[in-house]
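As structure tokens, the structure follows; a few thoughts come after it.
Computed from a predicted structure; not experimentally measured.
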Amino acid sequence: MTLLKQIPKVDKFIKNKIFENYSSKLITKIAKDKINKLREDILSNNVDNIDEQRLIDDVISEYEYITKPSLEKVINATGIIVHTNLGRSLITQKSFDKVKSLVSSYNNLEYDLKKGKRGERYSHIVKTLQNLTGCEDALVVNNNASAVFLILNTFAKNKEAVVSRGELVEIGGSFRVPEVMSQSGAILKEIGTTNKTHKKDYEEAINSNTSILMKVHKSNYSIEGFTSEVALEDIIDIANKNKVIDYYDMGSGHMIDLPYNLDKNEPSILKIMQHNPSLISFSGDKLLGSVQAGIILGKKELIKQIKKNQLLRMLRVDKITLSLLEVHLNSYLKDELEDIPTLKMLYTSTQTLNKRAQYIKENLQNICNCEIIETSSLIGGGTTPNRKIPTIALSIEYKDFKPNKIEELLRKNNLITRIENEKVLLDFRSIQEAELDEIVTIIKKVFK
Ligand SMILES: *Cc1c(COP(=O)(O)O)cnc(C)c1O
């Protein structure tokens with residue numbers, strides 16, 4: 001009973017000077033909860049004294065736990081440049097600075113400054129994309145999954161969309177082509193076989209209810225051996241002859257040629273646009289190296305029809321997306337590719353990566369066992385299936401710690417590594433130059 005009388009009163013408790021710099025609303029809520037809990041504990045005889053200082057500490061640590069941002073910076077030492085779990089493409093401070101004042105002030109997002117009338121949200125990137133790719137028109141939506149859905153819903157609802165059986169893929173995060181198609185209202189017309197699809201398969205599939213010949217980038221798988229698929233330019237040709245739409249879901253969407261022959265069977269957006277396709281779509285944050293978005297390029301008349309679809313209103317993008325995308329597209333136009341980290345990482349030479357590995361190795365000399373090794377990295381993000389590029393990695397060993405243990409210790413300090421052949425590796429392909437000292441600090445802290 002006496003203990004119950006000693007329970008602090010919430011009103012008085014929260015007046016403590018220590019809470020001055022915290023939100024009183026949130027502190028009051030937490031304090032109420034903690035004090036109620038304390039009362040219950042006393043009633044069930046779980047407490048034998050009241051420690052007010054502990055109560056204060058509990059309230060503050062709960063406050064800090066609740067208000068700590070859940071999204072935190074990590075260092076990507078997996079080597080996977082387009083890592084969907086780690087946020088895909090990076091945006092440089094420089095690019096970010098360019099849009100800062102724009103997004104923190106009012107702007108002409110949907111306002112025509114010349115006419116003083118309502119303008120078009122999508123107009124801002126059209127000119128840049130036209131100059132860059134030669135497209136007739138363009139549209140940007142939330143991501144490429146929504147671009148696929150929007151296109152099919154606009155043109156193939158209750159109509160047939162022809163797709164090769166070799167391209168009915170599932171991409172990470174539950175994007176399955178057949179399911180997306182059926183949800184959009186399109187009738188899937190499968191043609192060919194898993195390993196082979198021929199021109200005549202497309203030609204013979206076309207009937208009066210056919211709307212689209214669709215090609216899908218295989219993204220995260222490849223088939224080898226006895227295979228054949230129809231080139232996009234042939235599909236475009238068949239579509240034109242039969243007056244139906246051709247549409248290529250490019251997925252990754254690299255604007256320009258890639259190093260290491262990565263694009264051997266996968267022409268760039270610039271090359272594809274030379275064939276004058278009806279419609280193509282691709283992600284903004286895979287190999288393009290910009291923000292999350294789905295970019296649609298194609299014929300003016302078709303884009304006009306897509307814009308009439310009510311769904312567009314639900315998939316529309318914000319000024320932050322549009323302004324950053326414009327900055328990046330301009331970097332392509334002006335050939336300032338160093339402002340696009342995804343490309344920069346892809347193009348960094350192994351000699352440079354080696355120097356960075358050397359730097360870390362030297363700084364960790366008396367801390368753990370490090371060895372520089374030559375290996376290869378996957379690009380990730382469903383970009384170039386099974387293709388690897390050369391890289392330099394540093395293996396980390398410490399006492400008799402198992403690789404899983406080391407990986408976990410580093411991960412819990414926001415350094416994400418990978419395990420290859422029983423060794424924990426820091427793969428320099430995806431590590432930023434500015435992060436080298438941070439890595440040294442983390443490893444020193446973990447193995448102190
Ligand atoms: C990645 C991918 C998508 C989905 O794109 P998001 O931008 O992640 O929505 C769709 N199709 C293909 C072929 C892809 O590779």
Side-chain angles (χ1 to χ4, degrees), residues 130 133-139 141 144 147-169 176-219 223 227-251 253 265-282 294-309 311-312:
Q130 282 169 336
T133 70
C135 66
E136 278 182 23
D137 206 352
L139 192 56
V141 289
N144 188 38
V148 175
F149 192 84
L150 182 63
I151 288 171
L152 290 170
N153 182 265
T154 306
F155 300 107
K157 195 171 177 197
N158 300 321
K159 293 194 184 143
E160 288 181 10
V162 178
V163 189
S164 159
R165 289 196 170 89
E167 294 170 3
L168 293 173
V169 295
R176 305 177 109 189
V177 172
E179 277 156 41
V180 172
M181 292 181 86
S182 81
Q183 290 246 328
S184 73
I187 304 164
L188 167 61
K189 173 85 178 169
E190 298 178 26
I191 57 162
T193 58
T194 308
N195 58 329
K196 283 203 169 206
T197 302
H198 305 282
K199 278 202 253 183
K200 70 171 191 328
D201 293 323
Y202 286 92
E203 285 159 347
E204 287 167 5
I206 298 173
N207 60 52
S208 59
N209 200 29
T210 304
S211 154
I212 285 189
L213 305 187
M214 182 178 179
K215 187 172 175 64
V216 184
H217 185 266
K218 288 194 198 67
S219 288
I223 31 180
T227 65
S228 72
E229 62 178 294
V230 181
L232 182 65
E233 52 262 47
D234 292 327
I235 296 177
I236 295 171
D237 200 38
I238 298 167
N240 285 339
K241 281 187 185 134
N242 291 278
K243 304 211 159 29
V244 294
I245 298 165
D246 56 86
Y247 164 44
Y248 183 27
D249 170 14
M250 270 192 92
N265 303 311
E266 303 175 26
S268 64
I269 298 166
L270 293 187
K271 286 205 169 119
I272 285 172
M273 290 312 288
Q274 289 170 3
H275 298 293
N276 202 15
S278 306
L279 291 169
I280 66 168
S281 75
F282 49 89
I295 300 159
I296 304 171
L297 307 181
K299 305 255 166 78
K300 216 175 186 74
E301 185 49 42
L302 298 175
I303 300 274
K304 202 167 133 191
Q305 272 176 263
I306 300 173
K307 283 185 186 161
K308 288 189 190 140
N309 190 331
L311 266 176
L312 179 60

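- Here CD of E233 is found 4.0 Å from NE2 of H275. Values are rounded to the nearest 0.5 Å.
- A 4.5 Å side-chain heavy-atom check between E160 and N207 finds at least one atom pair inside the cut-off.
- Between F155 and I306 the shortest heavy-atom distance is CE1-CG1, 3.5 Å.
- In this structure, OG in S211 is found 12.5 Å from OH in Y247, a value given to the nearest 0.5 Å.
- Here the closest heavy-atom approach between residue D137 and residue K307 is recorded as OD2-NZ, 4.1 Å.
- Nearest heavy atom pair, residue H198 against residue V230, reads C-CG2, 3.3 Å.
- Between the side chain of D249 and the backbone N or O of V148 there is no donor-acceptor pair closer than 3.5 Å.
- Taking NZ from K200 and CD1 from I191, the interatomic distance works out to 10.0 Å, rounded to the nearest 0.5 Å.
- Side-chain atoms of I269 and I295, non-hydrogen and from C-beta on, never get closer than 4.5 Å to each other.
- A 4.5 Å side-chain heavy-atom check between V216 and V163 finds at least one atom pair inside the cut-off.
- Side-chain N or O atoms of N242 include none that pairs as donor or acceptor with a backbone N or O of V244 at under 3.5 Å.
- Remark: Q183 CD is loosely packed, at most 12 non-hydrogen atoms of other residues, nucleotides or ligands lying under 6.0 Å away.
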Test log, rule side chain to side chain donor-acceptor pair (under 3.5 Å), inputs T227 and N195:
CA-CA 5 Å; T227 65; N195 58 329; over 6 Å; no
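- With hydrogens and angles disregarded, a donor-acceptor distance shorter than 3.5 Å links the side chain of Q130 to the backbone of E136.
- The 12-atom threshold is not exceeded at NZ of K157, counting heavy atoms of other residues, nucleotides or ligands nearer than 6.0 Å.
- The environment of K299 atom NZ is dense: over 12 non-hydrogen atoms of other residues, nucleotides or ligands sit within 6.0 angstrom.
- For the atom pair I280 CD1 and D246 CG, the distance stands at 10.0 Å (nearest 0.5 Å).
- One finds a salt bridge joining E229 and K215 here, because a Lys/Arg side-chain nitrogen approaches an Asp/Glu carboxylate oxygen to under 4.0 Å.
- With a 4.5 Å cut-off on side-chain heavy atoms, M214 and I151 do not count as touching.
- Remark: K159 NZ to I212 CD1 distance equals 9.5 Å, nearest 0.5 Å.
- The nearest pair of heavy atoms linking N144 to F282 is OD1-N, 3.4 Å.
- Among I296, V141, L297, the single residue meeting the side chain to side chain contact (heavy atoms under 4.5 Å, CB included) criterion with S281 is I296.
- Residues V169 and P178 share a closest heavy-atom pair of O-CD, 4.3 Å.
- Looking only at distances, a side-chain donor or acceptor of N153 sits under 3.5 Å from a matching main-chain atom of S184.
- Counting heavy atoms of neighbouring residues, nucleotides and ligands inside a 6.0 Å radius, atom CZ of R165 exceeds 12 of them.
- The two residues T197 and S164 come nearest to each other via the heavy atoms OG1-OG, 2.7 Å.
- Distance check, rounded to the nearest 0.5 Å: OG of S278 to CG of N276 gives 8.0 Å.
- Proximity of E167 to V177: side-chain heavy atoms (C-beta onward) are nowhere separated by under 4.5 Å.
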